[in-house]
S.K.: 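Got a structure for you, questions after.
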Amino acid sequence: MRWSRAFIPTLRDDPADSDAVSHKLLLRGGFMRQVGAGLWSLLPLGVRVVRRIERIVHEEMRAIGAQEFFLPTLHPAELWKQSGRWDKIDETLFRLRDRKRSEMCLAMTHEEVFTAIARDEIRSYRDLPQIWYQIQTKFRDELRPKAGLLRGREFQMKDSYSFDLDWEGLERSFEIHAAAYEKIFERVGIAAFRVEASSGAMGGSESCEFISYSDAGEDWVVTCRGCDYAANLEKANSALVPVEEPGSAGAPERFPTPGIRTIEALEQFPGGAPAAKQIKSLVYCTSEGPLLLLVRGDDELNEVKAIDATGDTQLRPASDEEIRAALGASAGSLGAVGVTDLPVYVDQALRGRSGMTTGANEDGFHLRSVDVERDVPEIRWADLRTVREGEPCAECGKPLEVRRAIEVAHIFKLGLFYSESMGATVLGREGKEVPIVMGSYGIGITRLVSAVAEACHDELGLVWPASVSPFDVIVTPVRTKDEAQERAAEELYASLREAGLEVLLDDRDERPGVKFKDADLIGVPLRLTVGPRSLAKGKVELQERQTAAGSEIPLEDAVEEVRRRVQR
RNA sequence: CGGGGCGUAGCGCAGGUGGUAGCGCAUCGGCUUUGGGAGCCGAAGGUCGUCGGUUCGAGUCCGACCGCCCCGACCA
């Protein structure tokens, strides 16, 4: 490609509407432009990067025997009602009606369509296993799109689905996907690794995320310095330090706490208690009605853990009115002692605790000397608390670390969730119908673009790994008007292309400084500079973007040298 | 949805107390220049987010709406 004829609208200044580095650089480098909140046009340079990532993904998918499909993105509501997700998912699902007033939606993933095909076409266990995939546009009406391609409302995703006869088969499909993903990230050039995750609204038993550390990320990931434990904060746990409690002598004792409505206030209050000796009682509403969640006073509830524990994706904090209707008191005076008419989920950290202080379900009163297991009826134990930095690892006891990360992929053991709701069964060996055991495996293609940009840049601009760079090499004549330079650059351009390389020839009539800055900004890994200094010796300068290390090489060796370094 | 910020030329911004819009960069023409975002001369480019109101007069004041960004909540 000749730069003079290419559409590469680079910007000198950072656009005001950007915060994340990847966002700024992709904008400045002319890779993309914004259309609306969470909606992006990919420009030619951006498309080149996406295509290269896609190619790697295709190759690794085919390597595990996955077959590519092309499915609609516009789905009839009926399909989503069959799986139950039509009602289960909130406003995140884009819904619309067609001219006949039929309900439709724009797919956020493709479990329903794939499961329907499997249901309609696969009859026998002999047809299993299958792995099907596609790379297509997904839609999600995110509450807050952000950071450019990192979280859009319309984005590209590779999603694959495995169909197995049994759980052992699912295990195999799951692991070959995980292995394929590791290869993909290695080839794409980022350090991404696997962590335990919550399945959230997807249903299914187990899931793993692949994450790439970045301050621009939205996930918090917990890792252990001592062993290989790694989990999303929504899933992570730590070693609970067992607490020996003397055991409360007497029954809970009610005492007045006028105006005391917070954990902190109760700590200060004469006759109160330190946060660790309090019970935080939270009322949440589900589709089935209100329930109580208890964590220790100094712990934070993790709502995703609460969703996992209760199995209700509609879970939300109760309003003041709902709280009063459920317990007869306001937030700040709530407790679970003697509560029998709502389900009570209790965090593990409260196991065996006594001498605790909690609200009395009467404004202005609390209870002390509460023994959790003795005084709270019908406890449902659960992991509800949020792990904190520095807590001991549950596996090895070493301190845990909490860092920000980008979720670049998420893989799920769906199990029977979709096959049972949608009736996807096969005849097994014994001639009995059994539901297909499914898995689903997503990898964000456009998100990967920004994840790579986050990981691969410096103060001058992007530094693409050779595998995903929009071009393999850029040829920069210092002076286009100089006949010798122009001829040498043209010849290099032709022979590099001849050698099958993607080449950008900066034939613009610009000052060298401009060309160098632009080349650095768009991040092409190799630059061949054709200038008077070396050309006089029959040489060109080869410079690596990443290290800025340059060397003079004979003109006739340039193609071979570039090819060697690109190693494709 | 809660909190905060912003909307004026392609990009970044300025326009006390109302008087008909400007700067830098980019763009176009010319000359000079040419190894890390050159200089000079000239030119082009604006429904000031939208609608309504106040006023002789609104970029500026008032109201409503729309859009975008950030924090939080939320999220395969």
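Each chain gets a letter, A, B and so on, in the order its sequence line appears, and its residues count up from 1. Computed from a prediction, not measured in an experiment: that's the story for all the values here.
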S.K.: Using heavy atoms to find the nearest nucleotide of RNA chain B for A:V530 and A:R151 separately, return the residue whose nucleotide is more 5′.
M.R.: A:V530

S.K.: Reckon A:F139 touches a base, only the sugar-phosphate, or nothing at all at heavy-atom distances under 4.0 Å?
M.R.: nothing

S.K.: What is the base-pairing partner of B:rU27, counting Watson-Crick and G-U wobble geometry with both distances under 3.5 Å?
M.R.: B:rA43

S.K.: Of the nucleotides B:rG36, B:rG35, B:rA73, which one has an atom closest to the side chain of A:K517?
M.R.: B:rG36

S.K.: Do A:E112 and A:H75 pair up side chain to side chain, a donor and an acceptor below 3.5 Å, judged on atom types alone?
M.R.: no

S.K.: Suppose you measure atom C1' in B:rG52 against the same atom in B:rA58; what distance do you get, rounded to whole Å?
M.R.: 13 Å

S.K.: Counting Watson-Crick and G-U wobble pairs only, both distances under 3.5 Å, name the nucleotide matched with B:rC75, or none.
M.R.: none

S.K.: Please give the distance between the C1' atoms of B:rA26 and B:rG53 as a whole number of Å.
M.R.: 39 Å

S.K.: Only pairs with both distances under 3.5 Å count, Watson-Crick or wobble alike; so what is the partner of B:rA38 in this structure?
M.R.: B:rU32

S.K.: Nearest whole angstrom, please: distance from the P of B:rC75 to the CZ of A:R447.
M.R.: 14 Å

S.K.: Between A:F114 and A:Y133, does the ring-ring contact (aromatic ring centres under 6.0 Å, His included) criterion hold? Intermediate values first, please.
M.R.: CA-CA 9 Å; A:F114 270 122; A:Y133 83 101; 9.0 Å; no

S.K.: Provide the distance between the two P atoms, one in B:rA43 and one in B:rC23, to the nearest whole Å.
M.R.: 12 Å

S.K.: State which residue, out of A:L555, A:L505, A:V473, fulfils the side chain to side chain contact (heavy atoms under 4.5 Å, CB included) condition with A:L492.
M.R.: A:L555

S.K.: Please assess A:S160 against A:H177 for the test side-chain hydrogen bond (donor to acceptor under 3.5 Å, both in side chains), listing each intermediate value before the final yes or no.
M.R.: CA-CA 9 Å; A:S160 43; A:H177 266 94; 2.9 Å; yes

S.K.: Looking only at the side chains, is there a donor atom on one of A:T109 and A:D159 sitting less than 3.5 Å from an acceptor on the other?
M.R.: no

S.K.: Sticking with atom P, work out how far B:rC71 lies from B:rG30, rounded to a whole angstrom.
M.R.: 47 Å

S.K.: Once you round it to whole Å, what is the distance between P of B:rA26 and CG of A:D13?
M.R.: 10 Å

S.K.: How is A:D14 classified with respect to the nucleic acid when contacts are heavy atoms under 4.0 Å: base, sugar-phosphate, or nothing?
M.R.: sugar-phosphate

S.K.: Once you round it to whole Å, what is the distance between C1' of B:rG67 and CZ of A:R144?
M.R.: 16 Å

S.K.: Below 4.0 angstrom, N of the basic side chain to O of the carboxylate: do A:K158 and A:E54 qualify?
M.R.: no

S.K.: What nucleotide among B:rG35, B:rG12, B:rG36 has an atom nearest to a side-chain atom of A:R533?
M.R.: B:rG35

S.K.: Between A:M108 and A:T10, which is nearer to the 5' end of RNA chain B once each is assigned its nearest nucleotide?
M.R.: A:T10

S.K.: With P as the reference atom in both, quote the distance from B:rG24 to B:rA44 in angstrom, rounded to an integer.
M.R.: 16 Å

S.K.: Is any side-chain nitrogen or oxygen of A:Q485 closer than 4.0 Å to OP1 or OP2 of B:rU34?
M.R.: no

S.K.: I want to verify a distance call: between B:rG37, B:rG35, B:rC75, whose nearest atom is closest to the A:P512 side chain?
M.R.: B:rG35

S.K.: Give A:E91 one of three labels, base, sugar-phosphate or nothing, depending on what nucleic acid heavy atoms sit under 4.0 Å from its own.
M.R.: nothing

S.K.: Work out how far the P atom of B:rG16 is from that of B:rU20, and round it to whole angstrom.
M.R.: 12 Å

S.K.: Under a 3.5 Å limit for both distances, which nucleotide forms a Watson-Crick or G-U wobble pair with B:rG52, could you say?
M.R.: B:rC62

S.K.: For the P atoms, the ones on B:rG2 and on B:rA14, what distance do you get once it is rounded to whole angstrom?
M.R.: 28 Å

S.K.: Only one of A:E182, A:E175, A:E209 forms a salt bridge (Lys or Arg N to Asp or Glu O under 4.0 Å) with A:R194, so which one is it?
M.R.: A:E175

S.K.: Given atom CG of A:L301 and atom P of B:rA73, what is their separation to the nearest angstrom?
M.R.: 12 Å

S.K.: Would you mind pulling out the nucleotide paired to B:rG16, Watson-Crick or G-U wobble, both distances under 3.5 Å?
M.R.: none

S.K.: Over how many whole Å does the gap from A:Q34 atom CD to B:rC69 atom C1' extend?
M.R.: 9 Å

S.K.: When we call it a touch if two heavy atoms are under 4.0 Å apart, what does A:R28 touch: a base, just sugar-phosphate, or nothing?
M.R.: base

S.K.: Rounded to whole Å, please give me the gap between CZ in A:R12 and C1' in B:rU27.
M.R.: 12 Å

S.K.: Is any side-chain heavy atom of A:W86 closer than 4.5 Å to one of A:L93?
M.R.: yes

S.K.: Scan A:G36 against the nucleic acid and name what it touches under 4.0 Å (heavy atoms): base, sugar-phosphate only, or nothing.
M.R.: sugar-phosphate

S.K.: Is the phosphate of B:rC71 approached by A:K146 (side-chain N or O, under 4.0 Å from OP1 or OP2)?
M.R.: yes

S.K.: Whole-Å distance between B:rC75 C1' and A:R153 CZ?
M.R.: 14 Å

S.K.: What distance, rounded to whole Å, do you find between the two P atoms, one in B:rC51 and one in B:rG3?
M.R.: 28 Å

S.K.: It should be established whether A:R479 places a side-chain nitrogen or oxygen under 4.0 Å from OP1 or OP2 of nucleotide B:rG35.
M.R.: no

S.K.: Closer than 4.0 Å, any side-chain N/O of A:R511 to the OP1 or OP2 of B:rG37?
M.R.: no

S.K.: Can you tell me how far P of B:rC11 sits from CG of A:L25, to the nearest Å?
M.R.: 18 Å

S.K.: Would you mind classifying the nucleic acid contact of A:P532 as base, sugar-phosphate or nothing, using non-hydrogen atoms under 4.0 angstrom?
M.R.: base

S.K.: Using a 4.0 Å heavy-atom cut-off, does A:A107 contact any base of the nucleic acid, only the sugar-phosphate backbone, or nothing at all?
M.R.: nothing

